[in-house]
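Below is one structure; the comments refer to it alone.
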Amino acid sequence: MFKTSIRNKLIVLLLLITIIPFGSSIVVTYIYTKESLKDQTIEENVNLLYQGKVNIENYLRELNNYTLSFYSNPDFMSYLRKTYSSNDYLSMGTVHNVLRALLYSDDSINQVNMAIVGDQQTVSLSRRSTLVYSKQADTNIEAYQRAKENPNNIYIEPTDQSFFIHRAFRNVPANHILAYITLEIRPGKINELSHYLYNGNTEEFYIMTPDADFIYHSTADVRDDQYSEWIDKINGLEEQSGTFEWKDATFQGVVVFDRLSDATGSWLLVKRIPHITLYESAYGVALINIIFGVVGLTLVILATFFVSFKITSPIRVLVQNIKEVEKGNMQPQFHSLGNDEIGILGQRFKMMIERINHLINREYKLELENKTNQLKVLHSQINPHFLYNTLQSIGTMALKNKALDVYSSLTDLSQIMRYSMNMDQDIVPLEKEINYTKAYLLLQKQRFGEDLNYILEVEEGALDIQVPKMILQPIIENYFKHGFDTREELGEIKVVCKKKESYLFIAIRDNGVGIPEKRLKEIQNLLYTKKESVKSNSSIGLKNVYARLQLYYSEQVIFKIQNRTTGGVQVTIKLPLELEGGLHESNYSR
């Protein structure tokens with residue numbers, strides 16, 4: 001139906017030329033919008049991270065500059081270059097003033113420590129205590145060593161609650177270390193600057209050292225094993241800043257990073273943005289497009305169905321009328337199909353049917369009758385071989401044109417004619433007689449269709465029994481002549497052939513209305529007497545069959561015709577399994 005229906009083809013075509021461009025537009029728009037918004041969001045975050053880096057660098061540089069101010073204080077420098085006792089109150093006052101000024105130079109500084117290398121003493125000052133001296137200064141701790149090895153003489157050490165800035169204080173212009181100064185910094189300022197760099201509900205932000213020590217993190221729980229892989233990836237990159245895609249069991253999105261300068265500790269600023277945040281705007285735009293797309297497609301589909309039905313409905317009416325004409329109904333069943341091309345086609349169709357009716361009624365019937373008369377004259381002159389060859393040619397043409405029903409009917413007809421016109425064989429196996437009967441019934445089935453049902457019930461052991469030709473078909477033909485049209489239900493005929501101990505049993509049953517008793521007696525009298533004339537030729541076939549059976553089997557043949565109690569007629573034949581003396585019908589014709 002799909003391959004032949006114009007309506008279905010039109011619907012599919014209209015849907016394809018609307019859905020494909022419209023759907024492609026939605027997909028392309030979504031992809032383009034998604035990527036554009038992603039690039040825009042990443043660029044904004046790169047700029048934001050850069051600005052945050054500048055602010056943090058300025059803050060750390062400012063803290064670092066506080067320690068550099070010591071070089072401009074000659075009294076303090078003299079104190080560090082010489083060894084003074086803790087009882088030198090003048091020197092102690094100078095140290096106290098310098099450290100106190102450093103402590104209160106910024107609100108974030110919580111404590112100041114100074115480890116003097118020369119006399120191995122430590123001086124400490126905090127907001128909660130006065131100046132404290134310790135005689136056992138350890139200048140070999142790891143933090144001091146890192147500050148000493150750093151080209152900028154600085155090392156920033158993170159802890160859980162704060163971070164420390166360690167500076168190696170050198171004797172300029174000489175290069176040896178005079179002291180190590182440590183500032184304990186509260187993280188409040190760093191936290192404040194970090195809060196402006198990310199959205200706490202959807203994004204992650206981290207400040208860490210190159211050694212992956214966290215100075216600030218936006219998440220509550222930070223585990224090294226959870227972050228080690230992407231931190232290693234950043235450390236492996238040579239770029240100062242950049243972005244990359246990352247996907248693992250806990251995160252899928254984009255990582256944006258930037259590095260602070262070496263002068264401020266080379267910290268890493270890292271921001272992780274999930275895909276759902278990057279594409280949030282794109283999802284919104286796509287949702288709007290999809291909503292409008294669904295509405296638009298719905299309207300297009302409705303319009304498509306309306307147009308297709310509007311165009312194809314008249315065509316369907318025209319096709320239905322053509323089918324009626326094929327069945328023999330030559331009266332068009334429509335008034336008008338419109339004023340367009342299809343309407344004109346319908347009008348021409350009606351005019352054609354009227355013309356055909358005129359030809360059939362006034363000209364064709366007369367010509368057909370003349371041709372029929374001519375055919376009857378020529379029929380007796382047709383050579384049987386020419387007829388067989390013609391039927392074979394027609395069958396081949398039907399097979400080539402895939403008219404299997406026509407080919408099957410021609411085959412059955414050819415088989416019947418070959419069988420009936422073959423004068424060389426009078427005695428045949430029962431199987432051949434059954435095949436001939438089946439071919440005849442198939443033609444009748446082709447004629448009457450579902451109104452006819454036939455059953456051939458033949459035992460396997462009876463197929464090889466020799467019987468005279470043409471003993472079944474004439475009996476069956478009587479049913480179609482007299483009983484088929486007068487039936488009240490589905491026409492049915494049944495042929496039963498069974499091999500008994502000493503005879504072949506044949507029964508032919510139909511479901512017609514039966515034979516009136518008076519007429520049945522006339523037929524029986526005709527069969528069993530030598531009377532040749534009857535009122536009609538309706539029983540000639542039965543008479544001929546019975547006469548031929550008597551020729552072959554003499555008095556051993558049993559031939560009965562009777563009405564069935566359930567309706568219809570049954571003809572019963574009982575034949576000996578062997579012919580009498582090998583008689584041949586042609587012997588009697590001589």
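Below, all heavy atoms of this structure are taken into account, side chains as well, without hydrogens, waters or symmetry copies.
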Test your reading of the model: is there a side-chain donor-acceptor pair from [X] to the backbone of [Y], 3.5 Å cut-off?
X    : Y    : result
S218 : F205 : yes
R186 : D107 : yes
E203 : I273 : no

Once you round to the nearest 0.5 Å, how far does [atom1] of [X] lie from [atom2] of [Y]?
X    : Y    : atom1 : atom2 : result
I185 : I156 : CD1   : CD1   : 9.0 Å
L178 : M77  : CG    : CE    : 5.5 Å
I288 : F292 : CD1   : CZ    : 7.0 Å
N191 : S108 : CG    : OG    : 10.0 Å
L99  : S105 : CG    : OG    : 11.0 Å
N110 : F164 : CG    : CZ    : 8.5 Å

Exercise for the section: Would you sort out whether F163 and I190 count as a side chain to side chain contact (heavy atoms under 4.5 Å, CB included), showing the intermediate values? Expected result: CA-CA 10 Å; F163 64 92; I190 295 295; 3.7 Å; yes
Looking at [X], I'd like to know if its [atom1] atom is crowded, meaning that more than 12 non-hydrogen atoms belonging to other residues, nucleotides or ligands lie closer than 6.0 Å.
X    : atom1 : value
E44  : CD    : yes
F448 : CZ    : yes
Y104 : OH    : yes
M352 : CE    : yes
K350 : NZ    : yes
I276 : CD1   : no
Y50  : OH    : no

Handout entry: Candidates E245, K247, K38 - the one meeting side-chain hydrogen bond (donor to acceptor under 3.5 Å, both in side chains) with H275
Key = E245
Handout entry: Among K148, R167, R170, the one residue meeting side-chain hydrogen bond (donor to acceptor under 3.5 Å, both in side chains) with N153
Key =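 Looking at K148, R167, R170, the match for N153 under the side-chain hydrogen bond (donor to acceptor under 3.5 Å, both in side chains) is R170.
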Exercise for the section: In plain terms, say whether E142 and R146 are close enough for a salt bridge, that is, a side-chain N and a carboxylate O under 4.0 Å apart. Expected result: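 Yes, E142 and R146 are salt-bridged.
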Exercise for the section: Using a strict cut-off of less than 4.0 Å between a Lys/Arg side-chain nitrogen and an Asp/Glu carboxylate oxygen, indicate whether R127 and E184 qualify as a salt bridge. Expected result: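 Here R127 does not pair with E184 in a salt bridge, since their nearest N and O are not under 4.0 Å apart.
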Exercise for the section: Before giving the answer on side chain to side chain contact (heavy atoms under 4.5 Å, CB included), spell out for V95 and L125 the whole-Å C-alpha distance, their side-chain angles and the decisive distance to 0.1 Å. Expected result: CA-CA 10 Å; V95 173; L125 179 64; over 6 Å; no
Exercise for the section: Check the pair H176 / V117 against side chain to side chain contact (heavy atoms under 4.5 Å, CB included), numbers first and verdict last. Expected result: CA-CA 10 Å; H176 65 274; V117 176; over 6 Å; no
Specify the closest pair of heavy atoms between [X] and [Y], including all atoms of both residues, with the distance to one decimal.
X    : Y    : value
L49  : L269 : CD2-O, 3.5 Å
D248 : Q252 : O-CG, 4.2 Å
P158 : F214 : CB-O, 4.0 Å
L490 : L452 : CD1-N, 3.8 Å
S72  : S69  : OG-O, 2.7 Å
E157 : A143 : OE1-CB, 3.7 Å

Any non-hydrogen side-chain atom of [X] less than 4.5 Å from a side-chain atom of [Y]?
X    : Y    : answer
Y66  : I109 : yes
I181 : L102 : yes
L443 : R447 : no
Y180 : I141 : no
N55  : Y196 : no

Practice task
Would you please test W246 and E229 for side chain to side chain contact (heavy atoms under 4.5 Å, CB included) and show each step?
Solution key: CA-CA 10 Å; W246 187 259; E229 292 185 4; 3.7 Å; yes
Output all residues satisfying ring pair (Phe, Tyr, Trp, His ring centres under 6.0 Å) with [X], sequence neighbours left out; order by chain, then residue number.
X    : value
F76  : F70
Y71  : F169
Y454 : none

Practice task
Assess whether side chain to side chain donor-acceptor pair (under 3.5 Å) is satisfied between Y206 and E204, documenting all intermediate values.
Solution key: CA-CA 7 Å; Y206 306 93; E204 301 175 12; 2.7 Å; yes
Handout entry: Modelled atom types, side-chain donor and acceptor of R61 and N64, under 3.5 Å
Key =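 No - no donor-acceptor pair under 3.5 Å links their side chains.
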Problem - Flag for H166-Q145: side-chain donor and acceptor within less than 3.5 Å - result: no
